[in-house]
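Structure record follows, encoded as structure tokens.
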Amino acid sequence: MSISNTTTIGAIDAPSRRNTELLLLVFAVAVAVFAYLNVGLALDGKVPSGVLGYALGLAALAGVAHLVVRKFARYADPLLLPLATLLNGIGLVFIWRLDQSPRLISLAKVAYGTFTPSAPKQMLYSAIGVAIFVVVLLFLKDHRVLQRYTYVSMVVALILLIAPIFFPAQFGARIWIRIPGLGSLQPGEFAKIIIAIFFAGYLMVKRDALALASRRFMGLYLPRGRDLGPILVIWALSILILVFETDLGTSLLFFGLFVVMLYVATERTSWIVFGLLMSAAGAVGVATFEPHVQSRVTAWLDPFSCYTTDKTGACEQVGQALMSFGSGGTLGSGLGQGNSDLIGFAANADFILSTVGEELGLAGTMAILLVYGLIVERGIRTALAARDPFGKLLAVGLTGGFAIQIFVVAGGVMGLIPLTGMTMPFLAAGGSSVIANWALIGLLIRISDTARRPAPAPAPSTDAEMTQVVRP
Amino acid sequence: MNKPLRRIAIFCGLLVLALLVRENWLGYVKADSLNTNAHNQRPTIERYSHAPGNIIVDGKPVTGAVKTDDTYFKYKQTWKDGPMWAPVTGYGSQVYGSTQLESIDDGILSGTDPRLFFDRTVSMFTGKNQKGGDVVTTLNADAQKAAYDGLKGKKGAAVAIDPSTGKILAMASTPSYDPSTIAGRTDGTAWSNLFNDKNDPLMNRALRQTYPPGSTFKLVTAAAALQNGTVSDPDAKTDSPLPYIMPGTTTPLKNEGNLPCKNATLRLALTVSCNSVFGHLGVELGKDKMLDEAKKFGFNSEQFIPVRADASEFPTDINQSQTALSSIGQFDTRATPLQMAMVASAIANDGKLMKPYMVDELRAPNLDVIDKTQPEQMSQPLSAGNAQKLQSMMESVVNDPMGTGGSAKISGATVGGKTGTAQNGVDNKGLPYAWFVSYAKVGNSSPVAVAVVVEDGAANRDDISGGGLAGPIAHDVMKAVIDSGK
């Protein structure tokens, strides 16, 4: 007898797609390097001196990440790494391009006395980000290990979220922790991942109680009070963040994340309805007495009002961002040839998409948005493919948070929704952001590797030969 | 859990779709309104990102540009002899916009004009920076200098026209300003000083200020009388009472001094400037015929040369005594210096009024002519015969020992002129305006017609007279044109 097992999940080696990934990575690096060349040629008329260093640096980062994936996550989704590399590489080019802006340089000199370019720092942070990515893949052999740290995650997330209250506000929001000698840290970016781990762990355990122990009221499933508790706590917390840290974006992100994960865990639409109602109530409530939020809403309703009336920075930035998008046309003014630096100090951070809009035009912006869309799509695919509920919830949590962040930032910059201070993942200048998002991609790759990994070939059963087929 | 996951996927897809739709909305639908938004600095940044073309006089540019260290605008415009040329060029400021030719031909100067499309396309492929074209004016630098120098230190304006074509040869206005001082982004103080100056240096008095034309308007009245046959022989006695009591009143229309105006010939009346004769003639013609003739000379409509000039005015709804006053350039009659230069040029050009213009050519950066102004007849206010009669009368004003225009005499040229001293202000308390309107001919050609007005608040009232103040300036301008051989 040659039949050694009867499992339906075969040990047939699924294609690992690592070579696809490599090819796409080469493409992503090439696009970024050509963009870098393009900026140099447009600004100075000659090949920029840093192009070799940039090309080698980016290729090295991508290469290391690829080798680690090839070795430790063989079956991982082949798109996630190239897409993240592309965005990070293009982001570096845009940040470097804005570093060359004489307007921003003189603005910084007036405000701080000196100007420090952001691109070298961002390159360093990208390297740290990729290092974190490698660490995640090396030390997290199975994402289910994270389940053990459900409540630890909760505590860490709470500490991270609350910490900025004790530090002074910058640029109108209290979302930074200052570490002397190291610079500022934006803990919200890391809290996003850690809170997704907590939710995934918590909901995996409680999802049946939440889904089933409910009363029907006016066509909706009303959850029991004790099950409603956690969502109320999160709602209250997000409101508190909003009030004390004046951080509209982060509170929206956490609340959205929780609603998405609850919905996936319980499969009950009523949670979405509650979530929306509560967030609306919270937003309206806060907006009535928080001037920071009010000015954002005013700026959203009429972006050009502040040129004549009040002089809050947010409004003028939104107006400038809109004009950036408007001036882009189909193909944009060309890299390095736009005037998005008119936005001022946040041009390379929260507003970096405006530079994309102006210099790459409609085509470029839509391409970038679709790259984000693809990352989200691969993330949800990972969630669909994951075989364990924790993995599903974690993947959809991370992806949902990512998607909401993109919508909130891009929508704010484009004037679709009121502006909230958050960064465009990978694209914007910001150490915390790029490091946290590389960790996020690392986790998704780990989950997708587990999900796509073929079942291990069962050990040859010693009973196999003794099994007799009894014929009637 | 896969069903809600798929829904979440759709939801995320909708979020991305919303962003894509919004981007298209901004990029296509709203783009125009965003790009033309008053707060959008991009057009100005683009405008000053390269050196603009020049405004050219006599083959030499009177404008230029310098590179600056400014982080917004790379180039700043400059002017040579700014105060002299400002009434022609206007100003082009990075902050305060632009006026006159700088504004009208901004597309050519900055290189964005659709007519430069081919040029732009070529430079797009050759990788060269977009360049601006040039605006070639009809002005005569010598005449302009004579006009400006003559007016310097006074308040007033002068316009010289080539009667046969309508080309503007000189256009000066004082007090003036140097556009170079307000071209940059940090020239706020200079700007507010100019803007708040009570002498209003930014005002182009040659085009945008109307003055009572005073006795110079008698040329129009004389033309109307000749055209309508009221007077056919300039040397025949007219039926002019002295004192002339204006109809419907008991007020006599006075002359300046004791002039032999009773039943004076039209020539004598013009030579010594009889108010009574022309007031009477105006009433005799009636307000409609007067208005008709004034309109033919260009009154009551704005002129575009291509810079807009205010409409000069002959009042429409007046009674007989007001008609009498209006006919000697008082009451509500008002004229720009350009308008009076047009009157002189129509007379000098044997009755044909050529449309005045000051832009000869628009040139692409590669010196191709993309637009050339052709001389164009605007109207014929009087027949050639009547024009010649009026010319001989105007020559008497200059040549007759009794004439008021002796100061304009030029040896070797035939000069015809008319002085004017226009009363001004409530109860004529203001200082009068001194006018001089004239033309000069060499042989049979008539190279120049000129109008000068001086509103000199500093002068002694008794000294103000068209012949004394404005005449010498007109003389210098005409001589400059003749000497430059154009």
Side-chain angles (χ1 to χ4, degrees), chain A residues 45 101-107 207 260 263-269 304 307 316 319-320 322-330 333 338-339 341-342 357-358 361-362 365-366 369-370 372-373 376-377 379-381 383-384 389 392-393 395-396 399-400 402-404 406-407 410-411 414-416, chain B residues 1-50 67-75 94 112 124-130 185-186:
Chain A
S101 154
R103 241 167 271 160
L104 291 180
I105 291 173
S106 70
L107 202 68
R207 65 195 195 99
V260 164
Y263 172 61
V264 173
T266 62
E267 307 193 21
R268 289 250 181 260
T269 323
F304 299 105
Y307 285 100
E316 191 166 346
Q320 288 289 358
L322 290 182
M323 291 188 278
S324 268
F325 283 108
S327 70
T330 308
S333 59
N339 289 304
D341 48 358
L342 290 171
E358 177 154 359
L362 270 173
T365 315
M366 291 189 8
L369 289 174
L370 287 175
Y372 280 116
V376 171
E377 189 260 347
I380 292 177
R381 245 182 112 85
L384 278 168
K392 272 185 190 298
L393 283 171
V396 78
T399 312
F402 194 82
I404 289 170
I406 285 151
F407 179 74
M414 290 184 190
L416 184 61
Chain B
M1 286 194 279
N2 283 353
K3 197 168 129 193
L5 273 177
R6 291 204 171 88
R7 287 197 179 142
I8 294 291
I10 292 169
F11 171 69
C12 290
L14 288 177
L15 289 186
V16 174
L17 186 69
L19 292 177
L20 293 179
V21 169
R22 177 68 182 181
E23 165 65 1
N24 277 279
W25 173 262
L26 288 178
Y28 277 125
V29 183
K30 296 287 279 181
D32 280 347
S33 77
L34 286 169
N35 290 336
T36 53
N37 189 301
H39 306 297
N40 200 337
Q41 289 169 286
R42 283 174 185 76
T44 329
I45 289 174
E46 171 58 29
R47 168 76 173 77
Y48 291 104
S49 68
H50 53 87
K67 214 167 180 178
T68 67
D69 294 333
D70 191 86
T71 56
Y72 281 75
F73 308 121
K74 219 194 269 175
Y75 286 90
Q94 292 171 345
T112 56
M124 194 172 82
F125 283 112
T126 54
K128 282 192 201 133
N129 280 334
Q130 175 185 324
R185 210 159 64 88
T186 50

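Below, chain A is the first sequence line, B the second, and so on; all start at residue 1.
- There is no contact between A:Leu107 and chain B, counting heavy-atom distances below 4.5 Å.
- Both the backbone and the side chain of B:Leu20 have a heavy atom closer than 4.5 Å to some heavy atom of chain A.
- B:Asn2 touches chain A through backbone and side chain together, each having a heavy atom under 4.5 Å away.
- Ring planes of B:Tyr48 and B:Phe73: perpendicular class, angle over 60° (limits at 30 and 60°).
- Proximity to chain B is limited to the side chain of A:Leu342, based on heavy atoms less than 4.5 angstrom apart.
- With a 6.0 Å radius and a threshold of 12 heavy atoms from other residues, nucleotides or ligands, B:Arg47 has its CZ atom above the threshold.
- Contacts of A:Ser324 with chain B are made by both backbone and side-chain atoms, with heavy-atom separations under 4.5 Å.
- Inter-residue side-chain proximity for B:Lys74 and B:His50 is flagged as unmet; no heavy-atom pair is nearer than 4.5 Å.
- Atom CE of A:Met323 sits about 5.0 Å away from atom CZ of A:Phe304, to the nearest 0.5 Å.
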- Would you check, one step at a time, whether the test side chain to side chain contact (heavy atoms under 4.5 Å, CB included) holds for B:Trp25 with A:Leu416? CA-CA 10 Å; B:Trp25 173 262; A:Leu416 184 61; over 6 Å; no
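- Minimum interatomic distance between A:Ala403 and B:Cys12 (heavy atoms only, all atoms of both residues): CB-SG, 3.7 Å.
- Side-chain atoms of B:Gln94 come within 3.5 Å of backbone N or O of B:Tyr75 as a donor-acceptor pair.
- Chain B forms the most heavy-atom pairs under 4.5 Å with one residue out of A:Leu370, A:Val396, A:Thr365, A:Thr399, and that residue is A:Thr365.
- Interface summary for chain B: among A:Ile105, A:Asn339, A:Leu322, A:Ile380, the most heavy-atom pairs under 4.5 angstrom belong to A:Asn339.
- Residue A:Ser327 touches chain B through both its backbone and its side chain, counting heavy-atom pairs closer than 4.5 Å.
- The shortest side-chain heavy-atom distance between B:Arg22 and A:Leu369 does not fall under the 4.5 Å cut-off.
- Within the 4.5 angstrom heavy-atom criterion, atoms from both the backbone and the side chain of B:Asn24 approach chain A.
- The neighbour count for B:Tyr72 OH, taken as heavy atoms of other residues, nucleotides or ligands under 6.0 Å away, is above 12.
- Proximity to chain B involves both the backbone and the side chain of A:Glu267, based on heavy atoms less than 4.5 angstrom apart.
- Chain A forms the most heavy-atom pairs under 4.5 Å with one residue out of B:Lys30, B:Lys3, B:Arg7, and that residue is B:Arg7.
- Interface remark: A:Val376 contributes side-chain atoms only to the contact with chain B (heavy atom separation under 4.5 Å).
- Side chains of A:Gln320 and B:His39 form no contact here, defined as non-hydrogen atoms less than 4.5 Å apart.
- For the set B:Leu5, B:Asp70, B:Val16, the entry with the most heavy-atom pairs within less than 4.5 Å of chain A is B:Leu5.
- Only the side chain of A:Arg207 comes within less than 4.5 Å of a heavy atom in chain B; its backbone stays farther off.
- Neither the backbone nor the side chain of B:Ala38 comes within contact range of chain A; no heavy atoms are under 4.5 Å apart.
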